[in-house]
Amino acid sequence: MDFLDPILSGFSVVFEPMNLMYCLIGVVVGMVIGVLPGLGPVATIAILLPLTYSIDSVAAIIMLAGIFYGSQYGGTITSVLLRLPGESASVVTVLDGHAMARKGRAGTALGIAAIGSFAGGTVAIIGLTFLAPLIATVAVNFGPPEYTILAILGILLVSTVGNGRALKCIVAAAFGLLLATVGRDSGTSAQRFTFDNLNLADGIDFVPIAMGLFGLGEILYNLERRHKGNVAPAVIGNVWPSRRDIKDASGSIARGSVLGFLLGILPGGGSVLASMASYALEKKRSKTPERFGHGAIEGVAGPETANNAAASSSFIPLLMLGIPANATMALIFGALLLQGITPGPQLMDQHPDLFWGVINSMYIGNVFLLILSIPLVGVFVRILRVRESILAPVTVIITMLGVFTVSNSFFDMFVVIVFGVLGYLMKKFGYDPGPMVLAFILGSLLESSLRQSLRLFGGDFTMFATRPISGSLIAVGVILIVGLPLIERMTSRRLGATGASYENTELTSK
Amino acid sequence: MTVASAGRSSDLLETQDEAIQNAGVVANTIAAGLPLALGIAGAVAAFGLKVGTPADPGPGLWPLVASLLLVSASALLLFTKTPQDETEALGRASLLVLVGAISLVIFVAAIPLIGFEFPCLSLMLLWTKALHGETWKASILTSLGVVIVAYALFVLVLRIPLPHLF
């Protein structure tokens, strides 16, 4: 049983007061931003990146992780109460969650979502705990060719199954790769694209890019759409789901956990796909599908469980293989790099306290979520009344002054502005900034692995396929690139129908 | 509702805002043309650096690969039709964004000259009052509050070398 040893020692890391505190902070911050429309977990993590410089690396990642899965739950609150998804993964919850709220069952919806989220997160973490050593034994044989393929796969998968059109994602990713080449070439020390600017000699810093693209970009984008006032939230009648409700929902929670876990591991999968697939699955296997869209509890329990499970399991590709599965993971990847830690198969051996500390913090974080969710709902509803007109300027100042704290550089502040405008333009014209950041972060690693591989192969590209591990990775990758968009199309078609019926009922029930 | 549009959760908020229209053909062409131009520029510049061969890569090889990818993807974009609701037009509301961006540039440029307090105050006032339409009372209170907190945090507690007047 000594494979349990590192797991247990991970708990001792988590229970250190500092780490517990940052876990709590992360989860609460996550819930708050999940509730507030306009700032997502990606933007928040980007804006808080400067903070990770000054605190311990384990605590920093624990906090960022907490923000991520905390925000999944925060988005649920607005979906149920206001029919406004605070997060893209909560869009599906609007369908049945708000219908339940209108029937006076808002508390039940929120309660079952909390329970489901907890269950989903826990299942994912248990899966992760046992899966990790398995992956580690395989990954130990990875060399430059394998990393090259993995990096390419990561970028391709996020592009094909992400937001926005695949082709536009690839354009964004290609631009990100190009941006990564700015600075000194590691192989030959030649200066690339620096235009004789000293600030660019070491390349563009990742943190200002992330803060600009996701933080400022989001704020500028929202500046254009002034949300008119706040919708009155539904009243919360009952507080906790009844035993009957829990029994009804238990099947969907179980299915959602497994589905979310599997979909979260796949790069490009993630919480959005997981929540939609779960909803489609629940509707399909229900004997009374016409209840969906009108307050079916499975329609809340399943997706909420799945999206939390996916959020937790999406850490696997990052921590185990060093491949970020989505934009949030890309940022956490960047944060780890800033701490001098390179995620990958060697992470488990070289930094076991970080690895198991982060994973076990997710157990604790999910407990916090469950305990805090019900009492804090009232607080969140009040927070929603804070106007964006106050919040946005404050966030701008935090972003601008925050980036200065990183390297005391005014150049960084200009970088934030430039990428903020770029992020705004990208969103306007349908380009997802996620693949660009991912490609930027992976760019230099990809290039060095590629060059090492080519040197190994003597310039022969076909050897990528003939080498056993990289060849099988290519095969798996092709299956995923073809298969995932198919799953996505199938689930959205089913959801499209559901959405339509929801709208119809809206009108006829008046 | 596809996964693509679900990613922009603000789509569900669309009904509450002033309608933002979809971009026209010209805008979409520029949206695809700009990356194309950048890619071509990158490829040209990559040749300026030594490209080398696959067996012996030079500093220009990878930028060339990335540029070619950018060029081909953008070219494909240029020649395929853009779905109707994928892009948004720049409208009058976009002027707000321009003003916001310019204000930030001035903000950053001013800090080394006169310290961060007044630029911060002005920026806050501009954004809350002019860009977001808050009341005078709320704007002034919030702006003053932010400057005071920022001063306390960055100058007193964290002691960051941020240029300050007081």
Side-chain angles (χ1 to χ4, degrees), chain A residues 37 84-85 87-88 91 94 163-165 167-168 170-171 174-175 177-178 181 185 187-188 190 192-193 220 223-228 272-273 276 388-390 392-394 396-397 400-401 404-405 408 410 413-414 417 420-421 424 428-430 447 450-451 454 458-459 461 488 492 495-496 499, chain B residues 1-4 6-10 12-13 16-17 20 23 31 35 38 42 45 49 53-55 57-59 62-63 66-67 69-70 73-74 76-77 86-88 90 93-94 96-97 100-101 104-105 107-108 112 120 123-124 127-128 131-134 138 142 146 150 154 158 160-162:
Chain A
L84 285 179
E87 281 312 307
S88 15
V91 167
V94 168
N163 301 328
R165 205 162 22 132
L167 199 51
K168 284 192 166 167
I170 295 192
V171 170
F175 185 59
L177 287 177
L178 204 52
T181 62
D185 171 30
T188 61
R192 299 193 287 199
F193 304 118
L220 288 176
L223 198 56
E224 211 183 13
R225 334 153 86 74
R226 296 213 248 156
H227 303 147
K228 288 200 178 79
V272 180
L273 185 64
M276 297 207 163
E388 185 171 352
S389 43
I390 304 286
V394 173
V396 170
I397 296 289
M400 298 303 295
L401 295 180
F404 185 80
T405 65
N408 301 333
F410 288 100
M413 291 170 96
F414 283 117
I417 300 177
V421 174
Y424 161 74
K428 288 286 281 184
F429 290 110
E447 181 184 1
L450 182 65
R451 283 160 89 151
L454 285 176
F461 279 98
E488 181 194 24
S492 25
L495 273 161
Chain B
M1 173 178 57
T2 61
V3 176
R8 297 212 294 213
S9 61
S10 49
L12 270 174
L13 297 168
Q16 289 185 26
D17 303 315
I20 295 182
L38 276 169
L49 310 157
T53 63
W62 182 245
S67 307
L69 181 63
L70 186 57
S74 328
L76 259 171
L77 251 186
E86 196 174 87
T87 56
E88 296 171 12
L90 296 172
S94 315
L96 291 172
V97 176
L104 284 171
V105 175
F107 168 74
V108 177
C120 193
L123 190 72
M124 281 296 301
W127 277 64
T128 48
L131 296 181
H132 281 278
E134 265 291 337
T142 315
V146 166
F154 291 111
L158 294 175
I160 295 187
L162 192 62

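In what follows, chains carry the letters A, B, and so on, assigned in the order in which the sequence lines appear, proteins first and then strands, with residues in each chain numbered from 1.
- At a 4.5 Å heavy-atom cutoff, the contact between Ser67(B) and chain A is made by backbone and side-chain atoms alike.
- Both the backbone and the side chain of Pro161(B) come within contact range of chain A, judged by heavy atoms closer than 4.5 Å.
- Side-chain contact check for Glu134(B) versus Pro393(A): every heavy-atom pair is 4.5 Å or farther apart.
- With a threshold of 4.5 angstrom between heavy atoms, Val146(B) approaches chain A through side-chain atoms but not through N, CA, C or O.
- Residues Pro59(B) and Arg192(A) share a closest heavy-atom pair of O-NH1, 2.7 Å.
- If you measure heavy-atom distances from Ile160(B) to chain A, the contacts under 4.5 Å come from the side chain alone.
- Residue contact with chain B, scored on non-hydrogen atoms closer than 4.5 Å, involves the side chain of Tyr424(A) exclusively.
- Of all the listed residues (Pro63(B), Ser74(B), Ala138(B)), the one sharing the greatest number of non-hydrogen pairs under 4.5 Å with chain A is Pro63(B).
- Interface residue Leu220(A): backbone and side-chain heavy atoms are both found under 4.5 Å from chain B.
- Put simply, the side chain of Lys168(A) reaches to within 4.5 Å of the side chain of Leu77(B), judged on heavy atoms.
- Interface remark: Leu178(A) contributes backbone and side-chain atoms alike to the contact with chain B (heavy atom separation under 4.5 Å).
- With a 4.5 angstrom heavy-atom cutoff, Val421(A) touches chain B only via side-chain atoms.
- Looking at Leu162(B), the atoms closer than 4.5 Å to chain A (heavy atoms on both sides) sit in the backbone and in the side chain alike.
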